[in-house]
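Chain letters run A, B, ... following the sequence lines, proteins first and then strands; every chain starts at 1.
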Protein chains: 2
Amino acid sequence: MAKRVSHRDSMCGVARPLDAIGDWWSLLIVRDAFDGLRRFGEFQKSLGLAKNILSARLRNLLAHGIMETVPAADGSAYQEYVLTEKGRGLFPLLVALRQWGEDFFFEPDEAHVLLVDRKNGLPVRRLELRAQDGRVVGAEDTMVRLPQASHENGSA
Amino acid sequence: MAKRVSHRDSMCGVARPLDAIGDWWSLLIVRDAFDGLRRFGEFQKSLGLAKNILSARLRNLLAHGIMETVPAADGSAYQEYVLTEKGRGLFPLLVALRQWGEDFFFEPDEAHVLLVDRKNGLPVRRLELRAQDGRVVGAEDTMVRLPQASHENGSA
DNA sequence: CTCGAATGGTTTTAATTTGAAACCATCCTG
DNA sequence: CAGGATGGTTTCAAATTAAAACCATTCGAG
């Protein structure tokens, strides 16, 4: 399941998560789970993927602790798939993905679903990254710093 | 290159972006691009992937307008790959991925790279989603609303 | 309780993708 | 202009994905 690690034994903070959710379907499953879907058949109908693939993806999400199975919900003997805390931690990422999609994958006049505040129905704000002092910072205002190495710089 | 669309002709705001960057390598390439890498060989050395794969990924990123080739930089006749505005728009997503990775894929004491403010070297804040009124909202505080349909609800 | 259908998968097999390595063209360097 | 560096493409094997058939359990009706 895990892709081979790229020439380094320990993966960086970006690559490591990608091992868990770095395929087309996993994030869509997680999104559907945020939307309240819980049953195997619900995911399959919503996403339209082959059952063996869904099975494999769910197994992978379970193995990574992103989802878990819970005994029932409507009393039946079936099980349901729900997000763990780790899985719910993906919410900002999904929002970022959605906002990027809205910005660049839809025509200006093209209708698309909107993420809205449940309290008042207003669209949510744009995700913003802020520095400690509260400034909104973009990519050009940030850099990555290596753990504790005395090396000068690097990706990873 | 594009995966088959899942039983609906028009993809949702989450699925559509995944068609462009929904594979393991593309986001890592984009991340390296944010880190300043520009040349084919730089990406290949950094990521350790096969050259044909890198070639295909770069072609896909170019086709989606996420990166573009620019004639030179050091005067040589080679070309370089740089992020477009659309590509730079992926910054919040990468930050979200990184923060999620830091939260759940590293031991508490495990060293990892830090995204810091370039001005003062302090770590950036956590990404937060806010409602129009400024409240920080989580997944449970939001819902998706369909474009203009009179239907009650739905994913997508 | 029993039958049929719905649910939740697994197995089988084919098609697509990925990856490693070899190969090749262009470019820069001396 | 010779040799190496750069930036790919081609070839072929291995792994992954996908569709479809199959199967076991569970639920719902009579």
* Closest-nucleotide 5' rank along DNA chain D - winner of B:F40 and A:D23 ->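 Nearest-nucleotide comparison on DNA chain D picks B:F40.
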* Closest to side chain of A:N52, choosing from C:dG8, D:dG7, C:dT11 ->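 It is C:dT11.
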* Asked: Nearest of C:dC28, C:dG19, C:dT10 to any side-chain atom of B:W25?
  ->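 Closest nucleotide among those given: C:dG19.
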Between atom [atom1] in [X] and atom [atom2] in [N], what is the gap in whole Å?
X: A:Q44; N: C:dT10; atom1: CD; atom2: C1'; result: 13 Å
X: B:N60; N: D:dG8; atom1: CG; atom2: P; result: 15 Å
X: B:K51; N: C:dA21; atom1: NZ; atom2: C1'; result: 10 Å
X: A:F43; N: C:dG9; atom1: CZ; atom2: C1'; result: 15 Å
X: B:I53; N: D:dA14; atom1: CD1; atom2: C1'; result: 12 Å
X: A:L49; N: C:dG8; atom1: CG; atom2: C1'; result: 14 Å
X: B:E80; N: C:dC27; atom1: CD; atom2: C1'; result: 14 Å
X: B:L58; N: D:dT6; atom1: CG; atom2: P; result: 16 Å

* Asked: So, is the end of the B:K45 side chain (NZ or CZ) under 6.0 Å from the ring centre of B:F40 and within 45° of the ring's axis?
  ->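 Not flagged: B:K45 not positioned over aromatic ring of B:F40.
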* Asked: For B:F106, is the NZ or CZ atom of A:R16 found under 6.0 angstrom from the centre of its six-membered ring and inside 45 degrees of the ring axis?
  ->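 Pair A:R16/B:F106 counts as cation-pi.
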* Asked: More than 12 foreign heavy atoms under 6.0 Å from CD of A:E85: is that the case here?
  ->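 Open: at most 12 neighbouring heavy atoms sit under 6.0 Å from CD of A:E85.
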At under 4.0 Å, does any side-chain N or O of [X] touch on OP1 or OP2 of [N]?
X: A:S76; N: C:dT7; result: no
X: A:R59; N: C:dT10; result: yes
X: A:R39; N: C:dA6; result: no

* **Result of checking B:R130, B:R125, B:R126 against B:E128 for side-chain hydrogen bond (donor to acceptor under 3.5 Å, both in side chains)** =>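 One option only clears the test, and that one is B:R130.
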* **Any donor-acceptor N or O pair under 3.5 Å, side chains A:S26, A:D23** =>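 The answer is yes; a qualifying pair exists.
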Base, sugar-phosphate alone, or nothing: which one does [X] contact when heavy atoms must sit under 4.0 Å apart?
X: B:A77; value: sugar-phosphate
X: B:Q79; value: sugar-phosphate
X: B:Y81; value: sugar-phosphate

